[in-house]
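Index from 1, following the sequence. We count ligands from 1, going down the list as the structure has it; atoms in each ligand are counted the same way.
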Amino acid sequence: MDLHNEAVKIREAAAQAIEACRTIEDIEAARVKYIGRKGELTLLLRKLGEAPPESRKEIGRILNEIKDEITERLKSRRSEIEQAHRSEALARETIDVTLPGRRPRLGKLHPTLRVLEEIVNVFVGLGFKAVEGPEIETEYNNFDALNFPPWHPSRDDFDSFYVADGFVLRTHTSPAQIRVMKSQDPPVRVVVPGRCYRRDTPDASHLMSFFQIEGLYVDHDVSLADLKGTLAIFAREVFGPETKIRFRPHYFPFTEPSAELDISCLVCGGRGCRLCKNSGWLEVLGCGMVHPNVFKHVGYDHKAVTGFAFGLGVERIAMLKYGIGDIRTLYENDIKMLSHL
Ligand code: PHE
């Protein structure tokens with residue numbers, strides 16, 4: 001068979017094979033088979049020298065034309081395959097914009113934070129400034145400067161978290177009183193919200209970590225009447241205009257006299273029910289007149305100034321406001337429960 005005939009056969013076979021290619025790998029295989037280094041047409045071209053000299057030039061031209069044609073076919077089939085791949089991928093990745101979207105769930109403030117902000121705002125409205133103090137406190141600020149005697153039981157390892165020699169996780173916000181008074185002269189009128197820590201075993205009314213808001217007012221002639229008037233406004237703002245208050249004598253090392261503030265029961269209004277254990281009253285916070293020894297520690301003239309202080313548990317007030325029986329439910333991250341509050 002002569003070179004020309006063979007070349008025509010290869011041309012036909014290659015055309016069919018290229019048409020049948022489905023993938024880029026098929027194209028590559030066809031290229032190798034026909035025009036690769038040992039491809040069928042390449043081998044034919046090498047035999048060109050065997051052709052009779054008078055027709056060599058003509059056959060060479062034809063073989064090269066066929067090679068060009070095969071190259072061209074490979075190229076165009078390759079781009080067809082690539083185009084098909086691209087359309088397929090596009091079809092696969094189309095987004096159905098008519099599908100209804102997934103609505104992001106809107107969060108809201110945690111009840112503890114809501115109540116905390118509400119209370120702080122009441123006092124800000126009365127002219128108090130909101131400040132903060134650190135959660136890791138010196139033992140001195142947390143206890144000594146607040147007139148706790150060295151033997152006071154709440155200093156025990158058993159009751160407080162000691163983080164290093166001389167440092168505790170504050171057991172109340174009262175050490176902020178010391179920081180504020182050491183940093184400025186009277187008059188002082190601040191509220192200090194923040195997290196506190198005690199080594200309590202969690203139960204329905206205790207957690208190891210909870211929020212308090214401290215209040216401190218120091219000036220010339222601040223009296224117990226000012227304390228009572230201020231807390232009466234707080235109680236009416238937070239618990240409703242009908243709320244009555246009473247002071248019950250108590251003891252704190254850093255106030256003298258000291259008291260606990262009760263409000264008339266939110267459920268029965270004072271007649272007596274299960275919530276108030278038939279007393280008609282609910283305990284809300286601790287307070288009193290700043291002890292002269294505290295003034296001495298911060299360098300205030302205890303003969304020239306007087307002041308009142310109070311400290312309240314934010315969760316306790318949130319529980320009363322929202323009728324929550326167990327403090328732990330606030331921190332179980334139960335969204336169903338929290339979104340009801
Ligand atoms: N720090 C006290 C407590 O945690 C509360 C308190 C604050 C009492 C200020 C009197 C004055 O129990």
Side-chain angles (χ1 to χ4, degrees), residues 112 116 119-120 123 128 130-135 137-149 152-156 159-161 168-181 188-200 205-219 222-224 226-231 234-235 245-263 282-295 297-298 300 302 305-320 327:
T112 304
L116 186 147
I119 297 170
V120 166
F123 287 106
F128 286 72
V131 299
E132 283 184 296
E135 292 175 21
E137 257 299 358
T138 60
E139 202 179 341
Y140 174 80
N141 283 346
N142 197 82
F143 294 122
D144 301 272
L146 289 167
N147 200 36
F148 279 79
H152 195 280
S154 65
R155 288 180 175 240
D156 289 354
D159 289 314
S160 307
F161 290 108
V168 281
L169 297 184
R170 67 179 171 195
T171 59
H172 50 177
T173 42
S174 300
Q177 292 187 29
I178 305 301
R179 289 178 177 270
V180 171
M181 288 192 280
V188 171
R189 218 187 279 142
V190 292
V191 278
V192 190
R195 204 185 262 283
C196 306
Y197 302 85
R198 288 183 197 172
R199 289 185 63 163
D200 281 327
S205 51
H206 295 86
L207 290 173
M208 300 185 297
S209 168
F210 52 93
F211 285 86
Q212 285 194 340
I213 298 174
E214 193 79 9
L216 177 68
Y217 179 23
V218 182
D219 203 345
V222 175
S223 72
L224 195 65
D226 295 318
L227 173 59
K228 198 165 182 181
T230 304
L231 292 181
F234 151 77
I245 61 165
R246 74 172 184 188
F247 275 155
R248 200 161 23 78
H250 200 71
Y251 171 78
F252 297 103
F254 40 94
T255 45
E256 181 59 34
S258 302
E260 283 198 318
L261 180 80
D262 293 345
I263 57 167
L282 300 169
E283 179 189 321
V284 171
L285 57 79
C287 59
M289 302 305 292
V290 178
H291 196 292
N293 286 351
V294 175
F295 285 143
H297 271 288
V298 299
Y300 279 11
H302 71 277
V305 293
T306 52
F308 68 67
F310 59 86
L312 57 86
V314 181
E315 285 87 349
R316 191 178 154 68
I317 295 193
M319 289 165 74
L320 291 174
I327 190 170

**OP:** Step by step, work out the side-chain contact (heavy atoms from CB on, under 4.5 Å) result for N142 and H172.
**Re:** CA-CA 8 Å; N142 197 82; H172 50 177; 3.6 Å; yes

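- A donor and an acceptor atom, one from each side chain of E214 and S174, are located under 3.5 Å apart.
- In terms of protein heavy-atom proximity, atom 12 (O) of ligand 1 is closest to F252 CE2, 3.8 Å.
- At least one side-chain heavy atom of F143 sits under 4.5 Å from a side-chain heavy atom of S160.
- Residue A309 approaches ligand 1 through these ligand atoms, each under 4.0 Å from one of its heavy atoms: 9 (C), 11 (C).
- Distance from atom 7 (C) of ligand 1 to its nearest protein heavy atom, with residue and atom name: G311 N, 3.3 Å.
- Considering both main-chain and side-chain atoms, R198 comes within under 3.5 Å of ligand 1 through a nitrogen or oxygen pair.
- Using bins of under 30°, 30° to 60° and over 60° for the plane-to-plane angle, the ring pair F308/F128 lands in the tilted bin.
- Taking distance alone, with nitrogen or oxygen atoms compared against 3.5 Å, Q177 stays at or beyond that limit from ligand 1.
- Side-chain rings of F254 and H297 stay apart, their centers remaining 6.0 Å or farther from each other.
- In terms of protein heavy-atom proximity, atom 2 (C) of ligand 1 is nearest to F254 CZ, 3.7 Å.
- Counting the atoms of ligand 1 from 1 in the order shown, those under 4.0 Å from a heavy atom of Q212 are 3 (C), 4 (O).
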**OP:** Tell me, with the steps shown, if F234 and I245 meet side-chain contact (heavy atoms from CB on, under 4.5 Å).
**Re:** CA-CA 10 Å; F234 151 77; I245 61 165; over 6 Å; no

Original post:
Going through the checks in order, is the side-chain contact (heavy atoms from CB on, under 4.5 Å) test met by T171 and D159?
Top reply: CA-CA 9 Å; T171 59; D159 289 314; over 6 Å; no

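- Taking any N or O of T171, backbone or side chain, none lies under 3.5 Å from an N or O belonging to ligand 1.
- Relative orientation of the H250 and F252 rings is tilted, given thresholds of 30° and 60° on the angle between their planes.
- Checking only distances, S174 does come within under 3.5 Å of ligand 1, N or O to N or O.
- The contact set between ligand 1 and F310, taken as ligand atoms under 4.0 Å from a residue heavy atom, comprises 7 (C), 9 (C), 11 (C).
- Interface of C287 with ligand 1, defined as ligand atoms under 4.0 Å from a residue heavy atom, comprises 8 (C), 10 (C), 11 (C).
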